[in-house]
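Here the structure is laid out as structure tokens; the discussion comes afterwards.
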Amino acid sequence: MMALNSIASRPTSSFLSRKLRNSGGNDSVLVHSAKSLSFFNPIPLFSNICFKNASPSPLLSVSVRASSSSTSPSATVTHSQELKIKSVPTQPIEGQKTGTSGLRKKVKEFMRENYLANWIQALFDSLPPEDYKNGVLVLGGDGRYFNKEAAQIIIKIAAGNGVGKILVGRDGILSTPAVSAVIRKREANGGFIMSASHNPGGPEYDWGIKFNYSSGQPAPESITDKIYGNTLSISEIKVAEIPDINLSQIGVTNYGPFSVEVVDPVADYLELLEQVFDFSLIRSLISRSDFRFTFDAMHAVTGAYAKPIFVDKLGASIDSILNGVPLEDFGHGHPDPNLTYAKELVDIMYAEYGPDFGAASDGDGDRNMILGSRFFVTPSDSVAIIAANAEKAIPYFKTGPKGLARSMPTSGALDRVAEKLNLPFYEVPTGWKFFGNLMDAGKLSICGEESFGTGSDHIREKDGIWAVLAWLSIIAFRNKDKKPGEKLVSVSDVVSEHWATYGRNFFSRYDYEECESEGANKMIDYLRDIISKGKTGDVYGGYTLQFADDFTYTDPVDGSVVTKQGVRFVFTDGSRIIFRLSGTGSAGATVRIYIEQFEPDASKHDVDAQISLKPLIDLALSTSKLKEFTGREQPTVIT
Ligand code: VG1
Ligand code: CO
């Protein structure tokens, strides 16, 4: 585990670090009068049950002015009454420990009495008061089932704990990268993201909450460990007695010292992307009649961004956007942009005369999948190719990237680019939170994970639309002098050329979703036992072991250490097999096996990855005794 650093003593992880607002103090009244434990039972209607005693405030003044970020008028509504704060007794709830990215559970669990409220209060209990009192927090999510009710709960507890202002995306919508962008632009103290990301949504499925701090980065384990500790001892929740806020209208609502501003979910984020990329270059590609573009928003949050960005700004046709309306259950889909769950897009891209470029994003808009005509770009190759081409094609990187990084299981394709460009390079554990310190320290510009996550230091989250725009920039740059009718440089041409220059790292991931936890844990224990006895020179099938370990990471910026981040076998030819348990599932255990082999010989680059990796895949299955431990014959998803 990472050392439990004092939050206040770590400048790069300090939630504080930004200036405090409204520093005149909070004259809220704490009223210890709650009688019921069911204050936060949000079913059937949170506000009816919870706030029947909270009479709507008298309206003092209303002003309407033109909004800079939306076509709808923006209103300011001020209520005069002082903010009454109620203390609601509660009891600890087991199991509120965050995983790779926030707390994820079945939504039914989150809808249990005080479940979400406890976690939010535990979060405030974990932060130094100066990090949020009278400060600004951002709130948004991917539009999934329960987000609207959850937003009201979070707003009331934030107000109850003395937060000065909440900036919330209209209708509670903000993608994960947009939350990061808004935190940074508005110099907020932090923000909440209501999403279980790529996990499915709806009454039977998942809900989740993530907390990012003032640089826009996911909270480090020093904070999430504290939150978990506090969920085990919590006894009261502080709630402001205010009515539900209307989140459908851009504008500001004031309650005494507390205010909520509903903001356009797209404006700040789009403004940033326009600084990063050359939009006219991308527009010149998209508007060509010999280039066809398709984007699948998977009925998830990028549905709110696709039209304003791809259609209105970049000239794509409206019918190039698939599943472009965010839905609470993602249209019964699994909003995970991979070859299995984004099948509709994959079928279109693999059809005869399919489009030239296809992309998809996940539930909360931080993942991306890039496809060419009948061609899939692995995320590990994608980040390497973006890094190799960034300086020329993307204005933000015009002086070259500062450094490159990938998560441990991501293939070594990026390592080769770093070597060739002579750039600092870092290998971190799985999960975006490990990149932020490097970025804050000016050591890292472009990074990625094999799990369809790619991004840069323009924000502190992975960014699906950024990755699509990066790829469009590369393709546009390569084709900018092509006359109509001339053959264009395609996605697959760019990838093949990259392999010819750098060699190809064949890569595949096998996921075994929702296994019995017991068998999966035993399998990892068994593997840990093997590596404890393994030594250099041991022979595994046709491979010779260079080393085997359970990945440990020491953060070069703050010195914090994390252990047990994945069991890896690295062979003398550079091939690797890696085993991890997922930290984002909501039921059972998901086993992930990552397989990689480097091939310098260009004549062998066109072989299907599943064929070229077959011996290593068989070795991974036999070494781990996966079938024996989990009873699984086949993976659920192959990437
Ligand atoms: C998975 C991915 C990891 C990613 C995480 C969050 O975690 O492997 O690379 O950072 O999801 O992505 P795990 O622990 O299940 O392997 V997202 O888009 O779900 O916030
Ligand atoms: Co996501």
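Side-chain atoms are counted along with the backbone in the values below, which use heavy atoms only and exclude waters and symmetry mates. For ligands, and for the atoms within them, numbers begin at 1 and follow the listed sequence. Owing to the predicted nature of the structure, the values given are computational and were not obtained by experimental measurement.
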Ignoring hydrogens and angles, state whether a donor on the side chain of Arg367 or Asn338 is under 3.5 Å from an acceptor on the partner side chain. no
Show which atoms of ligand 1 fall inside a sub-4.0 Å distance from at least one heavy-atom site of Ser197. 17 (V), 18 (O), 19 (O), 20 (O)
Does ligand 1 come near enough to Ser582 that some N or O of the ligand is less than 3.5 Å from an N or O of the residue? yes
Is Gly431 close enough to touch ligand 1? Criterion: a residue heavy atom under 4.0 Å from a ligand atom. yes
Evaluate the ring planes of His498 and Tyr502, with Trp represented by its six-membered ring, and classify them as parallel (under 30°), tilted (30 to 60°) or perpendicular (over 60°). parallel
At under 4.0 Å between heavy atoms, which part of Met408 makes contact with ligand 1: side chain, backbone, both or neither? neither
Of all N, O or S atoms in Asp364, identify the one at the shortest distance from the Co ion (ligand 2). OD1
Contact atoms of ligand 1, heavy-atom distance to Thr430 under 4.0 Å: 3 (C), 8 (O), 9 (O)
Considering only heavy atoms of Ser451, which atoms of ligand 1 have at least one such atom less than 4.0 Å away? 2 (C), 3 (C), 4 (C), 8 (O), 9 (O)
Looking at ligand 1, does Arg509 have a heavy atom less than 4.0 Å from it? yes
Under 4.0 Å from ligand 1, counting heavy atoms only, is it the side chain of Asn199, its backbone, both or neither? neither
Numbered atoms and elements of ligand 1 in range of Lys462, under 4.0 angstrom, heavy atoms: 4 (C), 6 (C), 10 (O), 12 (O), 17 (V), 18 (O), 20 (O)
Among the heavy atoms of Arg104, does any lie under 4.0 Å from an atom of ligand 1? yes
Looking at Glu271 and Lys185, is there a salt bridge between them, counting it only when a charged N and a carboxylate O are closer than 4.0 Å? yes
Look at Asp268 together with Arg184 and state whether they make a salt bridge at an N to O cut-off of under 4.0 Å. no
What protein heavy atom lies closest to atom 7 (O) of ligand 1? Include the residue and the distance to one decimal. Thr584 CG2, 3.5 Å
Do the ring planes of Phe629 and Tyr526 sit parallel (below 30°), tilted (30 to 60°) or perpendicular (above 60°)? tilted
Near Asp362, which atoms of ligand 1 are under 4.0 Å from a heavy atom of that residue? 18 (O)
Donor-acceptor check, side chain of Ser320 to backbone of Thr294, threshold 3.5 angstrom: yes or no? no
Phe598 atom CZ, over 12 foreign heavy atoms within 6.0 Å: yes
Polar side-chain atom of Glu461 near backbone of Trp432 as donor-acceptor pair, under 3.5 Å: no
Within 4.0 Å of some non-hydrogen atom of Arg592, the atoms of ligand 1 are 8 (O), 13 (P), 15 (O), 16 (O)
My understanding is that only one of Arg568, Arg580, Lys564, Arg528 makes a side-chain hydrogen bond (donor to acceptor under 3.5 Å, both in side chains) with Asp550; could you say which? Arg528
If I apply the N/O under 3.5 Å rule, does Gly583 come out as touching ligand 1? yes
Hey, are Asp415 and Arg406 close enough for a salt bridge, meaning a charged N less than 4.0 Å from a carboxylate O? yes
Hey, can you tell me if His458 and Tyr396 have their rings parallel, tilted or perpendicular (30° and 60° cut-offs)? perpendicular
How far is atom 19 (O) of ligand 1 from the closest protein heavy atom, and which atom is that? His198 ND1, 2.4 Å
Indicate the ring-plane relationship of Trp466 and Phe277, choosing parallel, tilted or perpendicular according to the 30° and 60° boundaries. tilted
What is the name of the N/O/S atom in Asp366 that sits closest to the Co ion (ligand 2)? OD1
Provide, to 0.1 Å, the distance between atom 14 (O) of ligand 1 and the closest protein heavy atom, together with that atom's residue and name. Thr100 OG1, 2.4 Å
Angular separation of OG (Ser197) and OD2 (Asp362) seen from the Co ion (ligand 2), to 10°: 90°
Does a donor on one side chain and an acceptor on the other come within less than 3.5 Å for Asn437 and Asp558? yes
Among Lys210, Glu449, Arg367, closest by heavy atom to atom 1 (C) of ligand 1 is Arg367
Hey, is there an N, O or S on Thr176 sitting under 2.8 Å from the Co ion (ligand 2)? no
